[in-house]
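All residue numbers refer to positions in the sequence shown, counting from 1. These numbers come from the heavy atoms of this one structure, side chains and all, not from hydrogens, waters or symmetry mates.
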Amino acid sequence: PMLNTYHNLNMDFELLEWEIDKNIITFGSLPGTAQSQVNFESVDMYLESRFDALQGIDAIHPLILIEKYVNEKGEDQFYVEDFARFAKFPLVQIQHYLMNLANKGFLFYDFGEERITVLPSLSRYVLAKSKQGDYDVIQFNSNVNGNSLVIVNAALNIQSKDLIIRGINKIAVSDSQKVIFYPRGGEVKILKNRDFMFNGRIFAGNGRVNLYGREFYFKYDDFKVDLQQIDSVQLSVPLKPPKYDLYDNPILTRVKTVIEAVSGELIIDHPSNKSGLRKGSFPQFPVFKSFNDSYVYYDNPNIFNGVYKRDGFSFHLEPFEIDSLESYNGNGLWFAGTFKSSDIFPIFNDTLRLQDDYSLGFTRVAPEDGFPLYNGKSRYYNEIYLGNNGLRGNGKFEYLSSIIYSDDIVFYPDSTTLFSNALTVNEVNKGIEFPQVSNTNAYCHYRPYLDRLNIYQTEDMFSLYAGKSSFEGNILL
């Protein structure tokens, strides 16, 4: 492979093309290839399987043998003939031995002088195997199909030094923290020292957090992603009661409510622990932090056909943080903020938590003197529930001289429906007069902006005038 010291990548390709009067260098495969495969690897990448495969049938691992020779010699250059004598192998055999390692990117083989230069990746591999050095697992594997004469997998702008790579299905950034990037359109822009930008999805915490958005900026040295434009945050939590798969991992289910319009950052691991070898020393990672504003909306068509329009009905979240993404459970999720309900209730502060139906919502009790409904046209007392089954209540509703108790109330932006347990219309004998009315079970439909409360008989007749008469039918108040 070719070593790219600006981006700090090893580049393995078949064909490089550059028209010298242009700023673009392209990388791909030889003409006539049906599928072009080009691989770019971090110079600090380590794979245990690759290390083990290099040993073959040798008694001493080749990388360890060369590392020992270089340490004894005190320099990272040597002649092939000298190393053959040290290893006690025939010269021809040692030439093939070293050429194989050069092809793998561990050495530079100067065939003219028969001299070897040991590259930094060799000592990094030895240290990684011994668990003494940090490493990463970052690869950009490009696969592009096509029927053109030449297929381009990547292009380097020699003026800006940006490297655009196409045909990338996924990028496993951390196998220990289970963080994978899925670039939209298979394209990433590589900047200096393995920083890169992409649009698409981030899979973190083994699936507990999925981030969808644009202009994601991975910073290698900080080992984090700046998330400028997150369209939505999809959370998942373990089932309750817990269930496990064949590998003893908890089975997750999606939280039915997504968080939208977010900006923030995902800190994958401590910058000194990109390998995850010291995971026990940094149990808080990965960490997701939100900045500025974010929102939860309840306009999903599954919630009363999307009646809660987002322009007036939303939960505005304060900046929040979720740590230990790989191990958190639903009990640890909470999001403080402000609830706006299209003037059903006054604006108030509360906290979203995971509900029994795996949506984000809250349960709260109205103040002792109740909440005004619809800008004061009526009043409500007791419990309010918000979740994926809408905005609901269990308590006392007052309109004009009526008092209705119900444990099944649904609040809509333009109306409220109630199935009453007890219903009373108090007598009014001044102005617009009302007789005294009472009942137990009835269906009530309140339309505040039409100043109408329809009460429909469902079982017993209505009692009027303090029980002196009965009425069968419906009532409009």
Side-chain angles (χ1 to χ4, degrees), residues 1-16 18 25 27 37-141 154 156 161 163 190 192-194 220-221 271-275 277:
M2 178 179 287
L3 176 61
N4 176 337
T5 56
Y6 180 81
H7 300 99
N8 276 327
L9 296 173
N10 290 314
M11 308 192 302
D12 188 4
F13 54 87
E14 291 182 351
L15 181 66
L16 179 154
W18 177 33
I25 298 174
F27 305 89
Q37 297 183 354
V38 173
N39 299 318
F40 303 82
E41 297 180 352
S42 165
V43 295
D44 290 310
M45 193 196 77
Y46 170 76
L47 294 176
E48 186 88 8
S49 58
R50 183 177 296 178
F51 183 93
D52 294 340
L54 283 172
Q55 180 159 6
I57 60 172
D58 295 330
I60 302 177
H61 196 284
L63 300 186
I64 296 175
L65 184 63
I66 293 172
E67 178 82 353
K68 179 181 178 182
Y69 180 65
V70 167
N71 289 338
E72 288 186 8
K73 197 171 184 294
E75 56 181 340
D76 60 5
Q77 289 187 335
F78 56 85
Y79 288 97
V80 175
E81 188 175 353
D82 292 341
F83 181 70
R85 283 195 293 270
F86 171 81
K88 298 177 183 178
F89 284 122
L91 180 60
V92 174
Q93 184 176 344
I94 215 68
Q95 286 174 329
H96 290 291
Y97 183 96
L98 295 174
M99 277 190 281
N100 179 50
L101 296 179
N103 290 333
K104 298 288 194 300
F106 296 104
L107 312 170
F108 174 73
Y109 198 132
D110 184 337
F111 292 102
E113 296 190 12
E114 284 291 308
R115 188 168 60 182
I116 298 296
T117 301
V118 178
L119 300 178
S121 56
L122 187 144
S123 60
R124 281 196 286 260
Y125 249 66
V126 173
L127 286 172
K129 176 64 177 178
S130 62
K131 306 289 191 290
Q132 295 179 8
D134 197 26
Y135 59 87
D136 64 57
V137 295
I138 297 175
Q139 304 179 73
F140 305 94
N141 297 318
L156 172 65
K161 298 183 177 65
L163 175 64
I190 313 295
K192 187 175 182 179
N193 188 31
R194 294 158 290 187
Y220 181 82
D221 284 340
S272 67
N273 191 43
K274 297 180 176 71
S275 61
L277 288 176

(request) Mind checking the CG-CD spacing from D12 to E41? Nearest 0.5 Å is all I need. (result) 7.5 Å
(message) Using a 6.0 Å cut-off, check whether atom NZ of K73 has over 12 heavy atoms from anything other than its own residue.
(response) yes
(request) Not counting sequence neighbours, which residues clear side-chain hydrogen bond (donor to acceptor under 3.5 Å, both in side chains) with N10? List them please. (result) none
Sequence neighbours excluded and cut-off under 3.5 Å, please list the side-chain donor-acceptor pairs for residues 82-92, or say none.
unit_1	atom_1	unit_2	atom_2	d
D82	OD1	R85	NH2	2.4
R85	NH1	E81	OE2	3.4

(request) Could you tell me which non-hydrogen atom of L47 sits nearest to which non-hydrogen atom of Q139, and how far apart they are? (result) CD1-NE2, 4.1 Å
(message) Please enumerate all residues that pass ring-ring contact (aromatic ring centres under 6.0 Å, His included) together with Y125, with sequence neighbours excluded.
(response) Y46, F106
Got a list of side-chain donor-acceptor pairs under 3.5 Å for residues 57-72, not counting sequence neighbours?
unit_1	atom_1	unit_2	atom_2	d
H61	ND1	L63	N	3.2
H61	NE2	F51	O	2.6
N71	ND2	E67	O	3.2

(request) Measure the spacing between CG of L101 and CE of M99 and express it to the nearest 0.5 Å. (result) 11.0 Å
(request) May I ask you to decide if K104's main-chain N or O and N100's side chain share a donor-acceptor pair within less than 3.5 Å? (result) no
(message) Using 0.5 Å steps for rounding, measure from the CD1 atom of I116 to the CZ atom of F108.
(response) 9.0 Å
(request) Could you grab the distance from atom OG1 of T117 to atom OH of Y109, nearest 0.5 Å is fine? (result) 12.0 Å
(request) Can you measure from CZ (R124) to CG (L119) and round to the nearest 0.5 angstrom? (result) 9.0 Å
(request) Determine the minimum heavy-atom distance between S42 and R194, stating which atoms define it. (result) OG-NH1, 2.9 Å
(request) Start with the C-alpha gap between D136 and Y220, add the side-chain angles, then the distance that decides, and say whether side-chain hydrogen bond (donor to acceptor under 3.5 Å, both in side chains) holds. (result) CA-CA 10 Å; D136 64 57; Y220 181 82; 2.5 Å; yes
(request) Count the heavy atoms belonging to other residues, nucleotides or ligands that lie under 6.0 Å from CE of M2, then report whether that count exceeds 12. (result) no
(message) Rounded to the nearest 0.5 Å, what separates atom CG in L163 from atom CZ in F40?
(response) 5.5 Å
(request) List for me each residue that meets side-chain hydrogen bond (donor to acceptor under 3.5 Å, both in side chains) alongside Q95, sequence neighbours excluded, and say none if there are none. (result) E114
(request) With sequence neighbours excluded, tell me which residues meet side-chain hydrogen bond (donor to acceptor under 3.5 Å, both in side chains) with N4. (result) H7
